[in-house]
Amino acid sequence: MFKQYCPYEMEGHLKKYTQKLVSLVYPYIEVTFHEFTSESFYERSKAYGAIQRYLTTNSTIRAKRLKADMVRDSKSLVLSMDDHEEIADEFKGIKVWWASNKNIPRTQVISFYGDEEKRFYKLKFHRRDREIVFGSYLNHVMDEGKAIEVKSRKRKLYTNNRNEQWAGRYQRTMWSSVVFEHPATFDTLAMEEKKKKEIMNDLITFTKSKDYYKKIGKSWKRGYLLFGPPGTGKSTMIGAMANLLEYDVYDLELTAVKDNIELRKLLIDTSNKSIIVIEDIDCSLDLTGQRKKKEEKDVEGDGKDPLSKKKKEDEEKSNESSKVTLSGLLNFIDGLWSACGGERIIVFTTNYVEKLDPVLIRRGRMDKHIELSYCCFEAFKVLARNYLDLESHDLFETIGKLLEETKISPADVAENLMPKSDDEDAVDACLANLIKAIEKAKEEAKVKAEEEEKEKERAKAEEEKKAKAEKEEKQKAEKEEKDKEKEQKSEEEVKEKKTAGEEVKENGG
Ligand SMILES: Nc1ncnc2c1ncn2[C@@H]1O[C@H](COP(=O)(O)OP(=O)(O)OP(=O)(O)O)[C@@H](O)[C@H]1O
Ligand SMILES: [Mg+2]
């Protein structure tokens, strides 16, 4: 009624004065947090989201009316308090009240954007608590809210797609993603218990060391180099790491990165709390040979000779696919840009650690080097527990002994432990198969070793033969040289005698 009879300007004035009047006697302060602000019209306000998450933990217990929402990228339904509900919260001995509200638009305009209701949270607290609320309570709410969001969100697996023309123009990010659902955990990872614990501790300490990294003046990131033969669980370990820390994973395909600039863009586009993975770093790029190649090119000159020309062309072709250089990659890992954002883990995997440039993997860049090796008995026991629910068996001793003498990858062991039927004696069959497989691997290794030994001997004999031939050649050459010298000398002597004789003749005449 008041609104109907009162002109709009008048209402504004009245509101202002009543508020002034009320503030004299009303000891509370109110702060509102809108879902959409004028600056971020299309994007939900981050503060609103964080408050909503924070309040879900409190409100689902205390509020009577709740609202369930499907939020994008969330694992489950998000419960929050319904409109016009109010709950109280306590922090460091002070009490505050949160209310969820919405503004219903005055005019009944049919909007293109649908729901025009504007939701907001209102925080109410006593004037005397102002400092605590603005100083620490609100930060506490934001941090908690964000932490809850991280925990409840679905994690993503990102990959850099080859930049097709349209993708560059219309896609907002450089990465494309799917929901990350790798089932590996440290529990199912087969390796020595001690080593496993050490890695887990290292990871967890890292996540808790924000202040420490700040204190020592280092950006908050850590590099892991996983190396070892194929099928020893490098990729599996990355999955386990991501699941342990609840991080996103960025699987970076270096060969698809055009150049160093694109690499930097990719880096900037990654989020915090993430693992950046470069698999098989030794094959990704010819990083080790980069500098050498340049020198070779210079020596070869302008490539007139057809062979070198072809080589050059090949080189150019391979460069076309990616111009990322070693220095570009080093910059990616610990250049200035890498300090933007924090809580990042960089993981390299390789089968041949010795092939890598030491610069790339020095401590400080790749802080922790982890070797994943062939299956030991301890690792086998983990696999037996996972695959067959088996804690012990008569055949374990035999297998243990065989594993000590043989190099077989956990992937091969795992394959043999997978039951091929659901018979009762499947377990025995699996173990028997495994023993056969290990024995075969042992035999193969033996044959290979013998062959290698033979090859070595052959090479040695060849080397010796070559050395002998060279020696003979040298001796022959030396002899020839000496003979020549002798001949020359005797010729000179004859000449001298001749001239001396002539001189005597002349004098006598
Ligand atoms: N240590 C391990 N613990 C548990 N499972 C393992 C382990 N190692 C290998 N496996 C099994 O073997 C398969 C292959 O392992 P994974 O892909 O992790 O090997 P990798 O070391 O990454 O090999 P590559 O060097 O060829 O990439 C996995 O699916 C996993 O089931
Ligand atoms: Mg792998």
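Not measured: the values here are computed from a predicted model. As the structure lists them, so they are numbered: ligands from 1, and atoms in each ligand from 1.
When Asn351, Thr188, Thr350 are ranked by how near their heavy atoms come to atom 4 (C) of ligand 1, first place goes to Thr188.
The local environment of NZ in Lys195 is crowded, with over 12 non-hydrogen atoms from other residues, nucleotides or ligands closer than 6.0 Å. For Leu336, the CG atom is loosely surrounded, since the number of other residues' heavy atoms within 6.0 Å does not exceed 12. By the neighbour-count criterion of 12 heavy atoms within 6.0 Å, atom CD of Glu397 is sparsely surrounded, having that number or fewer from other residues, nucleotides or ligands. The 12-atom threshold is not exceeded at NZ of Lys471, counting heavy atoms of other residues, nucleotides or ligands nearer than 6.0 Å.
Ion pair Glu455/Arg458 flagged as a salt bridge, since at least one NZ, NE, NH1 or NH2 atom sits closer than 4.0 Å to an Asp/Glu carboxylate oxygen. For the pair Lys456 and Glu452, the salt-bridge criterion is not met [side-chain N within less than 4.0 Å of a carboxylate O]. Between Arg385 and Asp187 there is no salt bridge, since no side-chain nitrogen of the basic residue lies less than 4.0 Å from a carboxylate oxygen of the acidic one.
Considering backbone and side-chain atoms alike, Met191 places every N or O at 3.5 Å or more from each N or O of ligand 1.
The ligand atoms of ligand 1 that sit less than 4.0 angstrom from a heavy atom of Lys234 are 18 (O), 19 (O), 20 (P), 21 (O), 22 (O), 23 (O), 24 (P), 25 (O). For ligand 1, the atoms lying closer than 4.0 Å to a non-hydrogen atom of Thr236 are 15 (O), 16 (P), 18 (O), 28 (C), 30 (C).
Distance from atom 23 (O) of ligand 1 to its nearest protein heavy atom, with residue and atom name: Gly231 N, 2.9 Å. At the top of the distance list for atom 7 (C) of ligand 1, counting protein heavy atoms only, stands Pro410 CB, 3.6 Å. Closest to atom 14 (C) of ligand 1 among all protein heavy atoms lies Ala411 CB, 4.0 Å. Ser235 OG, 2.8 Å is the protein heavy atom nearest to atom 22 (O) of ligand 1. Looking at atom 3 (N) of ligand 1, its nearest protein heavy atom turns out to be Ala190 N, 2.7 Å.
Residue Thr349: no N/O/S atom is found under 2.8 Å from the Mg ion (ligand 2).
Proximity of Leu383 to ligand 1 is established by a heavy-atom distance of less than 4.0 Å. At a 4.0 Å cut-off, not a single heavy atom of Ala379 sits close enough to ligand 1 to count as contact. Residue contact annotation: Tyr387 has a non-hydrogen atom under 4.0 Å from ligand 1.
In summary, the aromatic rings of Tyr158 and Tyr250 are positioned with their centroids under 6.0 Å apart.
In this structure, Asn160 contributes its side chain and Glu253 its backbone to a donor-acceptor pair below 3.5 Å.
Counting protein heavy atoms under 4.0 angstrom from atom 26 (O) of ligand 1 gives one or more.
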